[in-house]
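Quantities reported herein were computed from a predicted structural model and do not represent experimental measurements.
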Amino acid sequence: LVSLTFLFVIFPFRSCSVVSAVQIIAEDSLTNIQEGQRLFKIGSHDEAANHFWSAILKYEKTFQSIGVEHSLQDIFHSFLQCFAVRDRIIDGFIYVGRESLMRKQPNMAETYINEALKIDSENKEALALQRALKTFKEYPIVSDDGAVTTTKGNNFPDSHGGRDSFLLAEQKFNTGIHFFNQKKFQLASGFFDEACNLSEGQHHYVAACTNAVYCRANTLDWGLNGTQFAEDMARIEEITWREIISLRKGGSKITGTSTWTRSTSVHPHMVLGYPVDPVLKYFISESHAFMDEPLARYDGETGSLKQLPSHLPYDVGVRREKTKADYKSKDTFKIRVGFVSSGFKSKAVMFLSHAMFQFFDKDKFEVHIVSAGGPDNPRFISDAMRGVDWRENVRKNVDYFHDVQDISNDHIALAKFIHDLDVHILVEWDGYARSGDRAQGLFALRPAPVQILHQEFLGTMGGHFDYIITDKITSPEDTQNLYSEKMIYMPNHFFSKAHAIMRDVKDPSYDFKPKKTEYVYGTGSPQENRCLSSLDIGPKEASFVFCNFNKFLKNNPETVISYIQILRNVPDSILCLLENPTEGIPNLRKFVNDFASDGSILNERIHFLPWAANPFDHQMRSQDFCNIVLDSYPYNGHTTAQDALYGGVPIVTRSDGLDMSSRVSTSANVVLCLEELNAYDGPSQYVEIATKLGTNKDYFQAIRNKLIGTCLQREPMHPYWDVARYVFNFSEGIVKAFETFIYGNEVSHIEI
């Protein structure tokens with residue numbers, strides 16, 4: 001192991017003339033040691049490591065002089081034991097390397113990163129930290145006292161001497177935004193790249209660099225054999241680590257509250273699909289959460305930050321006393337639950353969740369909808385949705401439906417409106433998924449005493465939320481440090497889904513209806529329908545049809561290389577994808593041609609379906625066109641996955657990730673007793689499972705029949721599809737969160 005003397009370099013002894021102050025610090029450190037020891041004994045090793053590390057950070061040279069019998073070496077040994085006991089010593093080294101980098105101690109960071117790489121030279125987290133360390137050494141870093149330091153000199157252009165360049169960068173950036181809003185991603189990426197090159201190092205337009213990456217990801221513009229994608233991911237890591245080191249103050253997440261000079265240039269929703277360090281994603285969310293409060297104070301007319309009214313953020317303690325009085329004095333007391341979103345219309349989260357509101361116990365809960373967005377166009381409802389209006393369905397099943405479009409971008413007014421409703425629990429249905437559609441700073445003002453993130457954005461918000469709705473497979477207990485929220489662990493999967501009770505969703509069947517000459521929804525087998533491709537392209541008879549109906553954004557070179565291997569392993573099979581967007585199709589075909597020696601033949605086996613405006617038609621196409629779904633990684637199919645599963649289409653998914661967004665299908669397969677479709681060992685096992693399904697007809701049929709059986713099960717309904725049971729469990733979580741609030745207990749994880 002690395003010599004422990006290095007730690008004395010990391011944590012220099014501080015002199016203190018006031019013994020009582022030292023004693024307070026020492027006692028705090030001792031508390032962390034004792035808690036670490038307790039957690040270690042019960043097997044909570046990650047939490048124990050956090051406490052031992054916190055004790056190390058607060059260690060004083062006068063520690064032993066006040067009767068504490070713990071040396072720094074002892075504490076560090078206990079810290080490493082938390083990893084060694086699980087044969088994960090490499091994770092301990094990575095932990096120290098990351099923390100040292102965050103504390104602007106590059107020599108110590110380098111020591112521990114190198115130790116990690118000695119154990120596994122290809123460890124992705126260690127390699128990412130190594131790149132971050134390189135960034136630290138090459139670029140200027142702002143220290144806590146405001147000084148700028150670097151080991152190589154300032155490589156950034158002179159921001160004062162390049163005014164013409166700066167103005168041109170602004171013009172290019174704005175043009176990029178224009179094309180991005182029109183979903184012309186390739187044009188947008190070109191202008192963002194130009195703005196990035198013109199303003200390198202000037203933080204105003206570093207976002208141009210990250211936007212260019214996002215546009216390329218949308219259109220699968222990965223370069224030869226994925227080289228551009230690799231460069232783009234390295235760029236995201238480099239820029240973000242540079243910003244974390246220079247903009248973030250306050251040490252690690254564990255040791256206290258941090259502050260940010262500004263948010264990171266990459267947005268939390270953009271990064272969900274990037275295969276980068278999950279810790280990086282945490283800090284990205286944290287930075288954007290920190291800026292919520294300044295956003296609430298921003299005055300658009302003057303371009304300045306105004307003072308918040310003195311009563312903001314709202315005081316949870318005051319609300320507790322008022323609520324406690326109401327709770328005790330009224331026999332008819334109800335918990336008031338609010339759901340806020342700009343997407344109460346034909347959006348994915350509504351498809352999954354609009355039926356929830358039928359099943360809340362009206363005697364226990366008063367449900368409020370706070371709709372920050374408008375309804376669908378009536379023509380869209382009548383034509384595309386064939387008269388189905390989820391917004392109106394929700395309105396009929398809740399106590400109050402508040403249309404707040406007029407104040408949706410006024411943080412303070414919206415917070416006051418919700419506060420005045422006296423809502424006890426506020427559930428967020430947007431997260432970072434629809435930033436810009438409404439006031440992002442709302443939750444920083446604490447309009448409700450309990451604030452919960454649910455379903456739409458699958459990752460941590462980085463601040464302002466007490467809980468996130470999840471389950472123990474999607475968010476394993478050893479990933480709790482990747483979230484700022486505490487967990488409400490649901491049984492039977494954390495997604496709400498109402499496919500089994502929606503009149504317009506067709507139940508799956510064991511047999512396929514005869515194919516029509518022209519395709520008709522609900523007819524033909526996947527082999528017969530062959531992704532609507534021409535009979536003179538590809539195999540004359542398709543042996544098996546693999547599908548992925550996710551946005552292209554969710555895929556990456558590693559996933560498509562797996563597709564190539566699967567197609568090779570299953571003769572005459574085809575791959576059916578969705579045109580989303582059409583701009584990406586030529587890039588995908590070029591990637592396959594360049595990567596594979598048989599690329600031209602493989603491309604004849606890859607076909608694309610156009611987008612279906614009606615969600616019920618879209619869901620039915622899973623049954624008609626797919627034998628199995630090959631899931632995306634690290635950003636699974638979410639709504640599309642539920643559509644496929646209720647169509648009787650099994651999903652093969654990678655289960656080797658830590659991101660919440662990468663484990664949705666893993667959890668689904670476990671609940672549906674299809675865990676054998678989870679590739680816990682990564683891409684090679686993913687290919688192996690898909691190949692077995694595609695070449696062993698009996699095995700595939702048994703898997704398919706088992707899945708269809710769960711969909712058709714009634715009295716009782718299968719727990720995965722039972723929305724009434726889901727709401728009952730969800731309500732239990734709400735009650736426990738409310739009780740934690742009302743009794744003034746510390747917010748902690750809840751398991752239902």
Side-chain angles (χ1 to χ4, degrees), residues 186 218-222 384 506 511-552 554-555 559-614 616-630 632 637 640 643-644 647-649 652 690-691 693-695 697 700 704:
Q186 287 185 301
N218 269 280
T219 58
L220 312 182
D221 186 4
W222 299 330
K506 175 181 173 289
D511 300 313
F512 298 102
K513 291 184 178 180
K515 182 182 184 302
K516 305 292 184 181
T517 304
E518 294 292 326
Y519 169 67
V520 176
Y521 287 108
T523 66
S525 69
Q527 285 88 339
E528 290 171 326
N529 291 323
R530 44 186 297 134
C531 200
L532 298 184
S533 64
S534 171
L535 288 172
D536 59 0
I537 299 176
K540 295 299 180 186
E541 293 185 5
S543 66
F544 203 81
V545 185
F546 300 99
C547 287
N548 183 301
F549 289 167
N550 296 330
K551 300 180 226 181
F552 288 160
K554 294 189 176 186
N555 290 318
T559 301
V560 172
I561 290 169
S562 294
Y563 294 168
I564 289 170
Q565 293 170 326
I566 292 165
L567 288 174
R568 285 171 171 167
N569 292 349
V570 183
D572 292 333
S573 61
I574 65 173
L575 175 64
C576 187
L577 305 175
L578 195 64
E579 297 175 349
N580 195 7
T582 55
E583 272 190 298
I585 295 174
N587 290 330
L588 178 64
R589 293 208 182 279
K590 185 176 188 309
F591 177 84
V592 172
N593 267 330
D594 291 343
F595 181 83
S597 58
D598 54 345
S600 59
I601 296 171
L602 290 172
N603 264 320
E604 291 184 350
R605 296 165 60 189
I606 300 174
H607 307 288
F608 300 87
L609 289 176
W611 178 262
N614 182 280
F616 307 117
D617 292 345
H618 184 75
Q619 189 275 335
M620 194 179 299
R621 295 199 303 182
S622 295
Q623 308 173 51
D624 296 348
F625 292 106
C626 308
N627 290 129
I628 69 166
V629 163
L630 299 174
S632 303
T640 58
D643 285 349
V649 181
V652 178
T691 300
L693 286 163
T695 55
K697 291 183 179 180
F700 163 69
R704 180 175 182 267

Name every donor-acceptor pair, under 3.5 Å, that has one atom in a side chain of residues 575-586 and the other anywhere in the protein, sequence neighbours excluded.
residue, atom, partner, partner atom, Å
Glu583, OE1, Phe185, N, 2.9
Glu583, OE2, Gln186, N, 3.3

Nearest heavy atoms of [X] and [Y], plus distance in Å:
{"X": "Asn569", "Y": "Thr695", "value": "O-CG2, 3.9 Å"}
{"X": "Ile566", "Y": "Ala690", "value": "CD1-CB, 3.6 Å"}
{"X": "Ala612", "Y": "Asp617", "value": "CB-CB, 4.5 Å"}
{"X": "Val570", "Y": "Arg605", "value": "O-NH2, 3.0 Å"}
{"X": "Arg568", "Y": "Ala596", "value": "NH2-CB, 3.3 Å"}
{"X": "Asn587", "Y": "Leu220", "value": "CB-O, 3.3 Å"}

Can you list the steps and then say if Ser534 with Asp536 is a side chain to side chain donor-acceptor pair (under 3.5 Å)? CA-CA 5 Å; Ser534 171; Asp536 59 0; 2.3 Å; yes
Quick check for you: to the nearest 0.5 Å, what is the distance between [X] atom [atom1] and [Y] atom [atom2]?
{"X": "Arg704", "Y": "Ile628", "atom1": "CZ", "atom2": "CD1", "answer": "12.5 Å"}
{"X": "Thr559", "Y": "Ile564", "atom1": "OG1", "atom2": "CD1", "answer": "11.0 Å"}
{"X": "Lys516", "Y": "Glu528", "atom1": "NZ", "atom2": "CD", "answer": "12.0 Å"}
{"X": "His607", "Y": "Ser533", "atom1": "NE2", "atom2": "OG", "answer": "3.5 Å"}
{"X": "Asn529", "Y": "Gln623", "atom1": "CG", "atom2": "CD", "answer": "11.5 Å"}
{"X": "Gln565", "Y": "Leu602", "atom1": "CD", "atom2": "CG", "answer": "11.0 Å"}

Quick one: side chains of residues 537-548, donor-acceptor pairs under 3.5 Å with protein atoms, not counting sequence neighbours, listed by atom name and distance.
residue, atom, partner, partner atom, Å
Ser543, OG, Pro571, O, 2.6
Ser543, OG, Asp572, O, 3.4
Ser543, OG, Ser573, N, 3.3
Asn548, OD1, Asn550, N, 2.9
Asn548, ND2, Tyr563, OH, 2.9
Asn548, ND2, Leu630, O, 2.8
Asn548, ND2, Ser632, OG, 3.0

Check: Thr523 side chain, Val520 main-chain N or O, donor-acceptor pair, under 3.5 Å: yes
Is there a donor-acceptor pair closer than 3.5 Å between any side-chain N or O of Arg530 and the backbone N or O of Ile574? no
Please say whether more than 12 non-hydrogen atoms of neighbouring residues, nucleotides or ligands are located less than 6.0 Å from [atom1] in [X].
{"X": "Ile601", "atom1": "CD1", "value": "no"}
{"X": "Phe595", "atom1": "CZ", "value": "no"}
{"X": "Lys551", "atom1": "NZ", "value": "no"}

With sequence neighbours left out, what residues match Lys590 under salt bridge (charged side-chain N to carboxylate O under 4.0 Å, His left out)? Asp594
According to the interplanar angle, ranging from 0 to 90°, do the rings of Tyr519 and Phe625 count as parallel (below 30°), tilted (30 to 60°) or perpendicular (above 60°)? tilted
Ring geometry between His618 and Phe549 (parallel below 30°, tilted from 30 to 60°, perpendicular above 60°): tilted
Could you give me the CA-CA distance, side-chain angles and deciding distance for Asp221 and Phe552, then say whether side-chain contact (heavy atoms from CB on, under 4.5 Å) is met? CA-CA 10 Å; Asp221 186 4; Phe552 288 160; over 6 Å; no
